[in-house]
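Letters go in sequence order (proteins before strands), and every chain restarts at 1.
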Number of protein chains: 2
Amino acid sequence: MIDHPGDTEDGARVDTVRTAETMFDIVEHLDNENGASLATLAGELNYAKSTVHRHLQTLEALGYVVHRDGGYHVGLRFLEIGVTARSKYRGYDLVRQKVEEIAEMTGERAQFFVEEHGKIVYLARAIGDQAVQTDPGIGSRIPLYAASAGKAILAEFPEPELSDMLERMSFDPVTEHTITDPDVLRAEIDEGRDRGYYFNREESLRGTHAVGVAICGPDGDVIGGLSVTGPSHRLNGERLESELPDLLLGAANELELNIAHS
Amino acid sequence: MIDHPGDTEDGARVDTVRTAETMFDIVEHLDNENGASLATLAGELNYAKSTVHRHLQTLEALGYVVHRDGGYHVGLRFLEIGVTARSKYRGYDLVRQKVEEIAEMTGERAQFFVEEHGKIVYLARAIGDQAVQTDPGIGSRIPLYAASAGKAILAEFPEPELSDMLERMSFDPVTEHTITDPDVLRAEIDEGRDRGYYFNREESLRGTHAVGVAICGPDGDVIGGLSVTGPSHRLNGERLESELPDLLLGAANELELNIAHS
DNA sequence: TATAAGTATTCGAATGAGTCGAACGAATGT
DNA sequence: ACATTCGTTCGACTCATTCGAATACTTATA
């Protein structure tokens, strides 16, 4: 094995484009605050004002930043790109409709996730009561081990990768019920594999239960996960353990067929 | 006046961060294709493979790019950032609900736009029939002069800026009815200003009419524009010229009050 | 009106970082 | 076993980014 100069011991981050990093530093900082001035940015990020200025100029010229009422903001170019990125996920349109259908049928919240960088990301969500699509949350991330759909997705990974992921996974508890032990997670995955559905009992949010299933492509590859969430007093017993799972398995099956033939 | 080395004659783009530009070249190219290989990217963009490689490494490490089934793709980080950027627009949540309400009431398509970089950008959209929120389109852009909401927004700009914008505007026709003359646009704007609503008759899409109004903040600043669109055979006569305008003006008024008190 | 505090912008110099191209390695299919 | 495509590494050159200080602009405050 040849030595890799500059390798960090965890084996990541070699030879990166620094300028790109500083650029996203700025963007991400803008994303957190809302509306920051050049001086503030330079101060908090420890870059020279002139440096930040040049970056902001560039970002604004490219449409990624706007200078609205006395402060710099993240531009909607990110939304534009993000939306087309989402739309390219296989079966996204079909799944979105199904999510709304499920929400309406159950009266609970239904959602669709895909895996990215070891987390699951919300791609669609609908609430039953009024079929209002709640956008806040779209794009945000949850660790795989803290979501029913996450477990379902995880279970579909072929064996070598699965072990790998479990090993390199760091378990940061979200609630007092979040799984923190890889063996427990592994056990749950193995237990659910022939059933095909997975639970989440207050592991990501107190007082909230969920059931999730995976959606797979024709070659057995994972596309994403579908789940129904609701208050634990409403999602329990028969409803949680058989009624909703059946519904989800049916939906997944139908989706998988439709996606395969599209 | 001191000379500005590097100034282009149109007075734009000085002293930009080149690396950031190449980086977004890559991202935007990925956004168009779906799933490109390193070699392809390098070829089409005329960068050395090693250069593109380094950028992709960086982008992937930062979560802005993913390497899925044998090709590089835009990551969902863009969606995440874009969604929070959108949510920070004043009154966005209120407007989104209103858009759905209007869509349901009219049975037509309702939408909300804001202005950015001389275009209007879709922030929300709803279709009447089934109240299904159609996401494709969100984030995409239309020139101000080719949309009813665009005209409404334009009309709210104070005088010096308005003339400026009209002058530096380049009119690329979208359909055969698109406005191509600044004087015509100016006339329409002046005509509509006391009414408060504006029309679009097949100017952005053949066979499609629309009415639009502006939403303003307490200080008279423009927040965005609201419009209803539909087939020209359904949107005409009384309905187009009085019924829908009244509805929209009422909605705008209500929104403006709610936004001011929030 | 003058002053101050905030903002954004420009400049030149230094060096640090991005770029290239070629050569290597890995993976896949024929 | 070969060819093809894809990704990775390396070192050298040079261009571009970074910095800090000085300038300019705008808005509040005395």
Does [X] use its side chain to pair, donor to acceptor, with the backbone of [Y] at less than 3.5 Å?
X      : Y      : answer
B:T51  : B:Y47  : no
A:H117 : B:A61  : no
B:Y122 : B:I142 : no
B:E28  : B:D31  : no
B:K88  : A:E33  : yes

Any protein N or O atoms within reach of nucleotides 15-18 of chain D? Criterion: under 3.5 Å, listing atom names and distances.
residue, atom, partner, partner atom, Å
D:dA16, OP1, B:R18, NH1, 2.6
D:dT17, OP1, B:R18, N, 2.7
D:dT17, OP1, B:T19, N, 2.8
D:dT17, OP1, B:T19, OG1, 3.1
D:dT17, OP2, A:R54, NH2, 3.1
D:dT17, O5', A:R54, NH2, 3.2
D:dT18, OP1, A:T22, OG1, 3.4
D:dT18, OP2, A:H55, NE2, 2.9

Charged N to carboxylate O under 4.0 angstrom, [X] versus [Y]?
X      : Y      : answer
B:E156 : B:R193 : no
A:R90  : A:D221 : yes
A:R77  : B:E116 : no
B:R186 : B:E167 : no

Verdict with supporting geometry, A:E21 and A:T16, side-chain hydrogen bond (donor to acceptor under 3.5 Å, both in side chains): CA-CA 8 Å; A:E21 292 178 353; A:T16 63; 2.9 Å; yes
Pairs under 3.5 angstrom, nitrogen or oxygen only, protein versus nucleotides 4-8 of chain C, please.
residue, atom, partner, partner atom, Å
C:dT7, OP1, A:S37, OG, 3.2
C:dA8, OP2, A:L38, N, 2.9
C:dA8, N6, A:K49, NZ, 3.1

Per-nucleotide pairing state of DNA chain D [Watson-Crick or G-U, under 3.5 Å; [ ] pseudoknot-crossing; | other strand]: |||||..|||||||||||||||||||||||
Spacing of B:M23 atom CE relative to C:dA17 atom P, expressed in whole Å: 18 Å
Length of the CD-P vector between B:E21 and C:dT19, whole Å: 11 Å
